[in-house]
Amino acid sequence: MSEALLEVRALSRRFGELRAVDALSFEMRPGMVYGFIGPNGAGKTTTMRILATLDLPDAGDALLEGVSMLEQPRAVRKRVGFMSDQFTPYPNLSAGQFLDFFARAYGLRGAARTSRVDALAAFCGLDSFLDRPASGLSKGMGQRLHLAKTLLHDPALLILDEPTSGLDPRARIEFRELVRELAARGKSVLISSHILAELAEICDAVIVIERGQRVAFGGIREVGKGLHEHLRVELRVLRAADAAELFLLTQPQVQAVQRRELRVTFDFTGDEEQLSALVARAAAAGLALVEVRLVESGLEEIFLRTTRGELQ
Amino acid sequence: MIESRKRLALSDRMNTVLARDVQQMLNGRAFLSVLVLSLLAVGVLGGLVAGAPERETGRDAFLMVILTLTPVLSLVVPMQAFFSARHEVGGGASELLLLSNLTPARIVLGKLLSAGLQILLWSSVFAPVMAFTFLLRGISVVQIGAALLLAMVFGLTMSAAGIAFGALTVWRRVTQLVSALSLLVLAGGTFGFTSYLAFALSGFMGRSVLLQSFVWVTLVCALATILLVLVACSQFTHPYENRSTGFRCFLPLATLVGAGLVLALVDRNEWGDALPALASTALGCGIVFFVFAATEEPRLSPRVASQVPADRRRALLVAPLLPGHGRGLFCALLTVAILLGLAELGATLDPGLRDPGLMRVTQLLALYALFYASIAASIRRRFPEGASRNWLARFLVLVIIVLGCSLPILFQGLIGVHGWTPLQILNPVWTIGDSQGSRTALPYLVGLTALALLWQIGPMMRGLREVAEASRRRAGNADAR
């Protein structure tokens, strides 16, 4: 039995001649947040809609807790929460009535329904907004309401398509906190966003796709390491950065030296033991070293280095 | 505490969509406005009825009241249902609903129940004035009850139309057209129905004829409501799930219900006419059903395939009801066989003389239905997969029917030939309407239809094989588990 909550197996989806999703495979584990990134038109929303059982692949399948999305969509829907990028609340309904309606729709009855609605309203910070018209809420509160609705049936997998699009910075930070809290409660979250810095803050792993194909998948650190053949090292010196730069340029296994104020960055082709020897030599050469650290690739670098930005 | 628990338990038993629609209705301004206007109308009507009892009979007064109530029931309530359904599909809310435990049928039923509740409410608002018209004499309680019931049933049918039209706005490109069309249909229907009510209650019809006509109108409304509910459900259903079975069952089931009513209500000496007439009506409507069924996507979607019974015999039994144009044509063939059998049964059971003309009409309609369905299936096969191609095939069938009817007429006009000729064989209206023509056309049409069907044997068999294969796969999966 695999530990994976979700197994996506060679998923493909065509729209006429366009291959929106092309043999895409990945796995998701419980309690982890997965960033789903790619250029516009890469196939993110199509993939998410397939995983939410709202679209059908031409080939491949996805198994949630071993249950096929293709064959048992109703069983899968009970365990998936999908928050689309589109949210149009019903007119003439308060936020509380909106949540109550969806709680009924998910089969919650009696006291279980009211307590679930109250608990989720509290979790999403909606307690004091329950009597307000749902269609009159701000974008940020609307997204919270949408999230609360998505969580009503206690899904194991959350699929969030651009949930922070159009939110102000405070609302974004607050939303991020909610996602972190959900992961801490054991939910597996697949989240797409174009704001990579934001994703980097909350994601444990990343799935990068372009033209419907997976171009990178794994923990952010592992994927970042995989992008470089060599160690990327940054030195900070107390003074004389130019001397440090000159020293490095004369050393073996050192490439691509760059100086910026009192920091010098370079690629090192040796292993960590050899790097340790280099640092010792630098100290012996009289360089005033303050800090030596390995530079990890950020999400933006991963995105830029793995995708070509080709539109389809 | 106990009270609130009881209230919760009661509201839990309500249809979810109905509960929400009622909340929306009570929160909205439209309801309050219509309520105020209705109360005002009731006040004015009450004043008019009470103020002139010596001039107005109870029947005229009732007519005035019911003709005021009818537009509310058959236009205002259905328009609200239309907007509600339009919002559901337009805002993407229906997709969110489909992720929940709600099924398309429960969504549509909830909307229909909500419309029904409003109809009851408006009827009860007008009820006191209606009761007063009885006191003025000239109209019986049965007539008042029957007319009110009919107006309510018609209002429900129009609401079903409103929901179906609202759901059809899911096609964004034609939203405006559908909206305009629905307003036209609802307004036209309301006008037609109020005219019928005015005529029916004006005293020209005898009491028994009046009640009989009410029964038939109610029956037609009930059938139309079921059909419109099916249309609405199909729009709320995901495109890859089964939208076909309901439509494929509707025609034979509705006809069998109709046949049951004929056998129960109509004199045995008239069965020989009534049952073939019923079968002919069903076959006339069936042409549309069959063309739609024969122009569906060729293959089973994986999601429908996963619902095929694992038992091979059961799978093959339900195969004609599953989506796919080959299976659709097969279903048309079976339905036609049932309807022809029904017509033949009527003629056999009737001890009186058989009317060969009526049977011929039934046979011709059956042949035309199958011929055009075969043509439709053949056209659909020429195109690749895709819902838009289904519609293209349907459009082309319509073009063929129109050309098949109009070109021979033009040609005959040009060469100066009058009357029915074999050139008119593709024109069902003229061929069936012309007694000599229908006799001459029958053998030709049998040949043409047989050829067209033979041409489609391959797709029909493929459709059945696909179901058998899906059933085998399911049985294999079950064994593996």
Side-chain angles (χ1 to χ4, degrees), chain A residues 14-16 49-50 52-61 66 68-74 76-94 96-98 100-114 133-135 146 149-150 152-153 155 159, chain B residues 1 4-31 83-84 87-88 90-103 106-107 110 238-241 301-307 384-386 388 470 473-474 477 481:
Chain A
R14 295 176 75 116
F15 294 106
R49 285 177 60 80
I50 291 172
T53 73
L54 288 173
D55 202 349
L56 207 61
D58 299 317
D61 198 358
S68 163
M69 294 191 165
L70 211 59
E71 296 186 354
Q72 290 170 274
R74 285 194 187 281
V76 168
R77 281 170 195 163
K78 290 187 194 321
R79 303 293 288 148
V80 175
F82 177 56
M83 185 172 165
S84 66
D85 56 349
Q86 204 184 27
F87 179 56
T88 320
Y90 294 103
N92 301 324
L93 219 54
S94 70
Q97 287 171 330
F98 177 85
D100 184 74
F101 163 63
F102 272 99
R104 284 167 191 270
Y106 277 111
L108 294 169
R109 294 286 177 258
R113 185 179 75 238
T114 48
S135 50
H146 199 176
K149 184 235 103 192
T150 309
L152 277 167
H153 59 303
I159 300 171
Chain B
M1 187 71 182
S4 95
R5 228 180 268 160
K6 271 185 185 167
R7 218 171 39 233
L8 267 180
L10 181 73
S11 78
D12 279 347
R13 277 199 284 271
M14 277 175 85
N15 177 295
T16 309
V17 176
L18 168 67
R20 187 208 60 199
D21 277 9
V22 169
Q23 281 176 330
Q24 282 184 285
M25 182 178 82
L26 295 176
N27 291 348
R29 284 185 202 148
F31 171 72
F83 286 121
S84 168
H87 184 272
E88 209 85 68
S94 61
E95 278 205 333
L96 298 181
L97 287 185
L98 290 180
L99 292 177
S100 71
N101 297 357
L102 291 180
T103 57
R106 280 175 70 189
I107 297 171
H238 194 276
Y240 302 104
E241 288 178 10
S301 87
R303 204 159 276 171
V304 180
S306 70
Q307 292 162 355
E385 288 183 35
S388 57
R473 263 201 313 274
R474 277 210 68 197
N477 287 348
R481 271 200 286 273

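Sequence lines set the chain letters: A, B, ... in the order given, protein chains first and strands last, and positions in each chain run from 1.
Neither the backbone nor the side chain of A/Phe98 comes within less than 4.5 Å of any heavy atom in chain B. Residue B/Leu98 touches chain A through its backbone alone, counting heavy-atom pairs closer than 4.5 Å. Contacts between B/Glu241 and chain A at a heavy-atom distance below 4.5 Å involve the side chain alone, from C-beta outward. In this structure, chain B has heavy atoms under 4.5 Å from both the backbone and the side chain of A/Asp55. For A/Pro133, no part sits under 4.5 Å from any heavy atom of chain B, backbone or side chain.
With rounding to the nearest 0.5 Å, the separation of CZ in B/Arg20 from CG in A/Asn92 is 11.0 Å. Distance CZ/A/Phe101 to CG/B/Leu97: 4.5 Å, rounded to 0.5 Å. Between atom CG of residue B/Leu99 and atom CG of residue A/Leu54 there is a gap of 4.5 Å, rounded to the nearest 0.5 Å. Rounding to the nearest 0.5 Å gives a distance of 4.5 Å between NZ of A/Lys78 and CG of B/Asn101.
Closest approach of A/Pro91 and B/Gln24 over heavy atoms only: O-NE2, 2.7 Å. Of all heavy-atom pairs spanning B/Thr16 and A/Ala105, the tightest one is CG2-N, 3.6 Å.
The closest side-chain donor-acceptor pair between B/Gln23 and A/Asp100, if any, does not fall under 3.5 angstrom.
Remark: the backbone N or O of A/Gly110 is paired with a side-chain donor or acceptor of B/Asp12 at under 3.5 angstrom. Side-chain N or O atoms of B/His87 include none that pairs as donor or acceptor with a backbone N or O of A/Tyr90 at under 3.5 Å.
Every residue was checked against the salt bridge (charged side-chain N to carboxylate O under 4.0 Å, His left out) condition with A/Arg74, not counting sequence neighbours, and none meets it. Here B/Arg106 pairs with nothing under the salt bridge (charged side-chain N to carboxylate O under 4.0 Å, His left out) rule; sequence neighbours left out.
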